[in-house]
Amino acid sequence: DTEVTQTPKHLVMGMTNKKSLKCEQHMGHRAMYWYKQKAKKPPELMFVYSYEKLSINESVPSRFSPECPNSSLLNLHLHALQPEDSALYLCASSQGGTPQHFGDGTRLSIL
Amino acid sequence: SQQGEEDPQALSIQEGENATMNCSYKTSINNLQWYRQNSGRGLVHLILIRSNEREKHSGRLRVTLDTSKKSSSLLITASRAADTASYFCATDNDYKLSFGAGTTVTVRA
């Protein structure tokens, strides 16, 4: 079992839908991350939150909107996604910058 | 963004054999890390080696680092079926992890 919990595990949505991915950690970590991983590729960083504030946005399209309601929770709001956004979305947390602890991800499919 | 290359891309070995994979990176680093990803799962941190270290061991894992060549290697000794996974090296720069392309290891029973 991982210490970073992501829900849902799988999500299928249409291009006009609005959905959210959720991530939770109770390790007291102060940094939380969103990554996107395509099949047979390494994870690519999307966003970094440090002390509940967005510190890094890797030029991610605005159809992805992160939110950090408190130090344990991280959301990724999705709207008007494209088929190429289908991927595994991974959440991670860390006390400092490293090492990072990953959840098992949400596998997202866009119809 | 992807930091560098890993080779081989894929590796198939018999249980009990050793597996070696290499990682090259492009920029100067504070440390280099290795992560494992089992199929359908998240990444698990394996080991971190600092830029002033040349070799580090953790159980059946041995990592080397050559900063002059900007390269690292991961050796898994006495492999087991449970070692079947993808292995990624990663460098970090102020909370940003950049991963190599990864090596897929298959351990045959």
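These numbers were taken from a predicted model, which means no experiment stands behind them. Just so it is clear, the values below take in all heavy atoms, side chains as well, and ignore hydrogens, waters and symmetry mates. Proteins come first, then strands; the chains are lettered A, B, ... in the order of their sequence lines, and each starts at number 1.
Note on A/Y35: it clusters hydrophobically with B/Y95, by side-chain heavy-atom contacts below 4.5 Å among ILVMFWY residues. Residues A/I110 and A/W34 fall within the same hydrophobic cluster, defined by Ile, Leu, Val, Met, Phe, Trp and Tyr side chains chained together at heavy-atom separations under 4.5 Å. Note: the hydrophobic cluster containing B/L75 does not contain B/V63 (ILVMFWY, side chain heavy atoms under 4.5 Å, direct or indirect links). Transitive grouping of hydrophobic side chains (ILVMFWY, heavy atoms separated by less than 4.5 Å) keeps B/Y35 and A/Y89 in distinct clusters. A/L81 is connected to A/M46 through a chain of hydrophobic side-chain contacts under 4.5 Å among Ile, Leu, Val, Met, Phe, Trp and Tyr, so both are in one cluster.
Interface remark: of the candidates A/K40, A/Q6, A/Q37, A/Q37 forms the most heavy-atom pairs closer than 4.5 Å to chain B. Heavy-atom pairs under 4.5 Å with chain B peak, among A/S55, A/A92, A/G96, at A/G96.
Side chains of B/Q33 and A/Q100 form no contact here, defined as non-hydrogen atoms less than 4.5 Å apart. Side-chain contact between B/L97 and A/Y33: absent, with no pair of heavy atoms (C-beta onward) separated by less than 4.5 Å.
Heavy-atom minimum distance, A/L88 versus B/R41: CD2-O, 4.5 Å. Nearest approach of A/P43 to B/L43, heavy atoms of both residues: CG-CD1, 3.8 Å.
Heavy atoms of B/Q37 lying under 4.5 Å from chain A belong exclusively to its side chain.
Atom CZ of B/R108 is surrounded by more than 12 heavy atoms from other residues, nucleotides or ligands within 6.0 Å. Under a cut-off of 6.0 angstrom, the local environment of CG in B/N30 is sparse, with at most 12 non-hydrogen atoms contributed by other residues, nucleotides or ligands.
Atom CZ of B/F88 and atom NZ of A/K41 lie 10.5 Å apart (nearest 0.5 Å). Rounded to the nearest 0.5 Å, atoms CD1 (A/I56) and CG (B/N93) are 8.5 Å apart.
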